[in-house]
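Numbers restart at 1 for each chain; the letters A, B, ... are given by sequence-line order, proteins then strands.
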Protein chains: 2
Amino acid sequence: MPPIQTRASSTTDGSTAASVGLSTPVDLPPATLARLPVYLRELNLLSRTGVEVVSSGELAEAVGVSPAQLRKDLSHLGSYGTRGVGYDVAVLQAQLGREMGSAREWPVVIVGLGNLGRALAGYSGFSSRGFRIVALVDPDPELIGQRVNGIEINDLADLEDVVPRTGAAIAVLATPAEAAQAVADRLVHLGVTSILNFAASVLTVPERVTVRKVDLGQELQILAYHEQRKSDEPVLAGPPASGTGHPEPVLTPERFPS
Amino acid sequence: MPPIQTRASSTTDGSTAASVGLSTPVDLPPATLARLPVYLRELNLLSRTGVEVVSSGELAEAVGVSPAQLRKDLSHLGSYGTRGVGYDVAVLQAQLGREMGSAREWPVVIVGLGNLGRALAGYSGFSSRGFRIVALVDPDPELIGQRVNGIEINDLADLEDVVPRTGAAIAVLATPAEAAQAVADRLVHLGVTSILNFAASVLTVPERVTVRKVDLGQELQILAYHEQRKSDEPVLAGPPASGTGHPEPVLTPERFPS
DNA sequence: GCGTGTGAAACGATTCACAGCA
DNA sequence: TGCTGTGAATCGTTTCACACGC
């Protein structure tokens, strides 16, 4: 009797989750869940700017969704707004953070420290959102022992020591496509239950494991499709500042703002 | 009269596209479009392995979707299968490639060469799918003049020269969030009509421009939500090899296969 | 009055089930 | 017989519109 395995579906919002029974709060619709981090980020921004109250219209405008959708999304969490007024930024921020698990700090292991893996190891967007990179693993003797962002790269052969020691339940996979499934199998065996997969391959994992896939090449291909569409049907609407014309430099900051 | 601007919606599958009139083939549903690159990748793999025919069942299995969905997706492109047999790999590959614009080679400019930008500049998954990085741009004097993967980093101040010279219509944004909108404005002004945005910020662009956003922190947050769910409702189903137990190393390749 | 919270309607995507053809 | 192609049914998501309460 082979254990139940599920294919981690592809596109963003491919998430394979077990979640058998409903616990205290209800399960969020996937589409809503995918937007909550965006709301949370904007709320953090607002709160840092000293804003204390936002209406659904304002917040929706800031994150690029419709006010109705924002309200519907938030309504899944309960009623945290005040009619006629809006949402208290601090309250909503706290509630959203709690719901998303931003209260805890999550230890994360990264497997594969090629170009992409190294970039991810130093990515500030992880630490700023409650994730701590606790281990780096790669099989390349050239890399083992090197440090990235203060963390030493361990041998992939020692994965079975490293993961239990750090207690990571979330793993980032940045290996070549051919290696991804084998590594994932070992990670799952070690108790990892969430995997962010950057490898261009489909992972098969047990039901209880959640996988999200990010395929950068795929993203560009989708853009290429739209590009092709645009060049196929040339003019239709009026000329919109038309193409590569006039350099005419507007805006020329010398450095990115820190 | 301000020009029409649209908010690039957030999650993967946020794509803002104008596509006013329908050209020769019909417009693909976004959900289908997002899966086509996955099918294409698998077809390339199969063709390299010498497989000449696949059924919807086999291909679906390999990419992790249902056979019905695969057939429905492909049916949007026309009838390229043979009843009772399956699909000719070469034919389907060619058709899909043509549809996705893989026939052409797309020049791409990358703006922002921090950790992530540099990793993307060297990412093999881009070149292997028909994209050529033709320009790198950053405002940091430390970086300007350096070469990544054989390409020199140009000054952001020279963007108005670089983009027209290379003819890039697709841009990858890997700048800090605060800089993203300003850079996007300049890119759009230079005729760029597709942007892959890695910055954690919402872009506002004219209708004709397609934006896709990849937010790596957001992906991890979605995993954290699921993790939290799992730890909240502890046991329910039978113990599934239970957690961090027994190292018991299965599979220990010493190196990633190249 | 104003903006939230929410049923109901509209829309889109997925799954089902089978007719049609090699 | 076996697998494609596709209408019909189902399911999920978004939008609409308005009742409710500050």
Quiz prompt | Step-by-step salt bridge (charged side-chain N to carboxylate O under 4.0 Å, His left out) determination, B:Arg41 to A:Asp215 | solution = CA-CA 11 Å; B:Arg41 222 194 70 90; A:Asp215 186 333; 5.2 Å; no
Quiz prompt | CA sep, side-chain torsions, deciding dist, call: B:Arg104, A:Ser231, side chain to side chain donor-acceptor pair (under 3.5 Å) | solution = CA-CA 12 Å; B:Arg104 312 185 201 175; A:Ser231 57; 3.1 Å; yes
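If you take CG of A:Leu28 and C1' of D:dT14, they are 17 Å apart, rounded to a whole angstrom. What separates CG of B:Leu59 from C1' of D:dC3 is a distance of 14 Å, to the nearest Å. Computed from coordinates, the B:Leu92 CG to D:dT4 C1' distance equals 12 Å when rounded to whole Å. Between the CG atom of A:Leu36 and the C1' atom of D:dT13 there is a distance of 15 Å, rounded to whole Å. We find that CG of A:Leu70 is positioned 14 Å from P of C:dT6, with the value rounded to whole Å. Between B:Leu74 atom CG and D:dT6 atom P there is a gap of 11 Å when expressed in whole angstrom units. The NE2 atom of B:His76 sits 11 Å away from the C1' atom of C:dT14 (whole-angstrom rounding). Computed from coordinates, the B:Asp73 CG to D:dT4 P distance equals 14 Å when rounded to whole Å.
B:Thr32 and B:Lys72 form no side-chain donor-acceptor contact under 3.5 Å, judged by distance and modelled atom types alone.
For the pair B:Gln181 (side chain) and B:Ser201 (backbone), a donor-acceptor distance under 3.5 Å is absent. A distance-only check finds no donor-acceptor pair linking the side chain of A:Thr82 to the backbone of A:Val85 [under 3.5 Å]. Without hydrogens or angle criteria, B:Tyr80 side chain to B:Gln93 main chain gives no donor-acceptor distance under 3.5 Å. Between the A:Trp106 side chain and the A:Gly101 main chain, a donor and an acceptor come within less than 3.5 Å of each other.
Side-chain N/O atoms of B:Tyr80 include none lying less than 4.0 angstrom from OP1 or OP2 on D:dC3. At the phosphate of D:dT6, neither OP1 nor OP2 sits under 4.0 Å from any side-chain N or O atom of B:Arg83. Contact check, B:Tyr87 against D:dG5: a side-chain N or O comes under 4.0 Å of OP1 or OP2.
Residue A:Ser66 is classed as a sugar-phosphate contact, given heavy-atom separations below 4.0 Å to backbone atoms only. Contact annotation for A:Pro67: no contact, since no heavy-atom pair falls under 4.0 Å across all strands.
Across residues 44-57 of chain A, A:Ser55, A:Ser56 each have a non-hydrogen atom less than 4.0 Å from an atom of DNA chain C (numbered order).
Taking only side-chain atoms of B:Ala68, from C-beta outward, the nucleotide of C:dT15, D:dT13, D:dT15 with the closest atom is C:dT15. Of the candidates C:dA22, D:dT15, C:dT15, D:dT15 carries the atom nearest the A:Gln69 side chain, counting heavy atoms from C-beta on.
Mapping A:Thr82 and A:Pro29 onto DNA chain D via the closest heavy atom, the residue that lands nearer the 5' end is A:Pro29. Between B:Lys72 and A:Arg71, it is B:Lys72 whose nearest contact on DNA chain D lies nearer the 5' terminus.
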